[in-house]
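Whatever order the structure lists them in is the order used to number ligands and atoms, beginning at 1. Atoms considered below: every heavy atom in the structure, side chains included; atoms not considered: hydrogens, waters and symmetry mates. Numbers here simply count residues along the sequence, with the first being 1.
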Amino acid sequence: MGRGTLLALTGACALLAAAAALPGLRAAWEAPGRTLPATAERYFTPEEAARGRAYTRPRYAFAIAGRLLIIPFLLVLGLSPAGAALRDAVARIVGPRPLLTAVGVGLAVFLLLQAIGFPLTFYVGYLREKTFSLSTQTAPAWLWDYLKGTVLGGALFVIAVAGWSALARRFPEAWPLPAWGATLLLTILLVGGAPVLIDPLFNTFTPLPEGDLRARVAALAARAGIPAGEIYQADASRRTVKANAYVTGLLGTSRIVLYDTLSRAADREAQEVVVAHELGHWRAGHIWKGIGLSAAGLFVLFWLLWAVERQALRIPLLGLKGAGDPTSLPLLLGVALAILLLTAPIQHALSRAFERESDAASLELTGQREAFIRAEVALARTNRADLTPPAWAVFWFYTHPPVLERIGMGEAFRPD
Ligand SMILES: [Zn+2]
């Protein structure tokens, strides 16, 4: 495949992506003031509803466009002789060394995908956040973050490709088994190591300062049976005005992190509700459960990819030299991303179930219905949530229940 074909292919993918983005853009331009559900009208103005729609709805389309940019590209690259040409070009540089060839092909594929995805990433991740006054970063600061993330992601990707290639060459009949074990181990190390090794590359973390909030948090944590010392504040305000909190880490690095955009807010009781939600995740072991669920999914995925590789080995046009030949990388990666996209509704339904469980824990631990509702309302305003997301968008993209559902949960709560 020549340079012209590659360009034409990229162009075609970009057009497809643009076509996918159009419905979302149209939805965003819909005139505000359509009737809102009664729950929304109790807590939000029509302007807030319109702002949330204008910000969030096109994001659905951009999310689809991002995938449509790279999946067809990978599949065409993987189902043409271009993959073998790429491998041979790398082998000419590194010599007849299969592991180095896998590293080279992995790096080339990673850089190609970054190059294709960069304009959309920059637009959605930076320019658009600026337009909506959500970003507090300068362009060079954003680029520096992007560069750090890309180097880290690239290193992990290349290690994964090299590991897969080595295992598949050694165990052509059963590589999914060792690959699955290695992935599981790496995942546990990464999740455990992220709060101390990776996250500090992007943010400064300080223990939540002494004071009223810390005392309240300590009381909550004691009620949930969790050590209160492990609650940190991140300097998220250097990047965004959005507010958030999350629970992270494993095996001694577990902690709750509050964005400083949240911990600086005036409503102490609402902050308490958010912390209690995170304590709910912690107490229910959602990180471990998430790792267990993705391990189950990966087990199936790896065997599917193994079967795809077996089929590809039978197609002489592709020029594969055996199991673990990095020539099949674009094809396997394209198939994997397509499967992950198609199964996203399952992953997100599980995530929403975890979030509902943590919302219930938050209400139970704090017993503060009004503060729970205030917190949801404040987060939805700050983060410009879509108050009435289309059902298909919730089904496909939502990791959390839509805000009105969460508010409804608060309204229905009766402390005993
Ligand atoms: Zn949560």
Side-chain angles (χ1 to χ4, degrees), residues 52 56 59 191 194-195 199 203 205 208 213 216-217 220-221 223-226 228 230-234 236 240 242-250 253-263 265 267 269-294 344-369 371-387 389 393-413:
T56 306
R59 290 172 67 90
V191 176
D199 299 346
N203 278 99
F205 295 86
L208 195 62
L213 179 59
R216 285 162 177 269
V217 164
L220 272 178
R223 220 175 301 160
I226 285 163
E230 312 305 327
I231 299 182
Y232 290 79
Q233 177 175 299
T240 183
K242 289 180 179 172
N244 206 350
Y246 59 91
V247 52
T248 179
L250 270 188
T253 63
S254 299
R255 63 197 57 198
I256 287 173
V257 176
L258 301 184
Y259 277 24
D260 57 354
T261 41
L262 179 78
S263 53
D267 190 337
E269 284 169 347
Q271 288 167 355
E272 216 177 304
V273 161
V274 175
V275 173
H277 170 98
E278 303 306 327
L279 289 169
H281 280 306
W282 189 325
R283 193 176 61 175
H286 285 160
I287 291 192
W288 279 113
K289 285 180 185 163
I291 291 177
L293 286 167
S294 38
I346 303 175
Q347 304 161 36
H348 293 159
L350 288 166
S351 169
R352 289 196 301 275
F354 285 174
E355 296 302 334
R356 274 187 213 106
E357 199 184 336
S358 296
D359 276 349
S362 169
L363 283 163
E364 175 224 306
L365 282 169
T366 60
Q368 305 206 42
R369 198 168 80 111
F372 180 89
I373 295 171
R374 282 206 308 279
E376 292 301 333
V377 170
L379 284 176
R381 276 191 196 128
T382 312
N383 300 346
R384 294 178 186 260
D386 185 357
L387 300 181
V394 176
F395 178 73
W396 221 278
F397 296 115
Y398 271 51
T399 55
H400 290 63
V403 59
L404 293 188
E405 186 189 324
R406 301 180 82 177
I407 290 176
M409 199 168 163
E411 289 182 332
F413 176 73

Undergrad: Applying the side chain to side chain contact (heavy atoms under 4.5 Å, CB included) criterion to L379, which one of L262, N244, V403 satisfies it?
TA: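 Among L262, N244, V403, the one that satisfies the side chain to side chain contact (heavy atoms under 4.5 Å, CB included) with L379 is L262.
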Undergrad: Hey, which N, O or S atom on E355 ends up closest to the Zn ion (ligand 1)?
TA: OE1
Undergrad: Applying salt bridge (Lys or Arg N to Asp or Glu O under 4.0 Å), name anything that partners E355, two or more places apart in sequence or on another chain.
TA: none
Undergrad: Looking at E269 and R374, is there a salt bridge between them, counting it only when a charged N and a carboxylate O are closer than 4.0 Å?
TA: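 Salt bridge: yes.
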Undergrad: If the cut-off is 2.8 Å, does any N/O/S atom of H286 fall short of it from the Zn ion (ligand 1)?
TA: no
Undergrad: Can you give the angle H281 NE2 - the Zn ion (ligand 1) - H277 NE2, rounded to 10°?
TA: 100°
Undergrad: Taking both backbone and side-chain atoms into account, decide whether H400 has an N/O/S atom under 2.8 Å from the Zn ion (ligand 1).
TA: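 No, since none of the N, O or S atoms of H400 sits under 2.8 Å from the Zn ion (ligand 1).
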Undergrad: Any salt bridge between R283 and E364, counting N to O under 4.0 Å?
TA: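 Yes, this pair counts.
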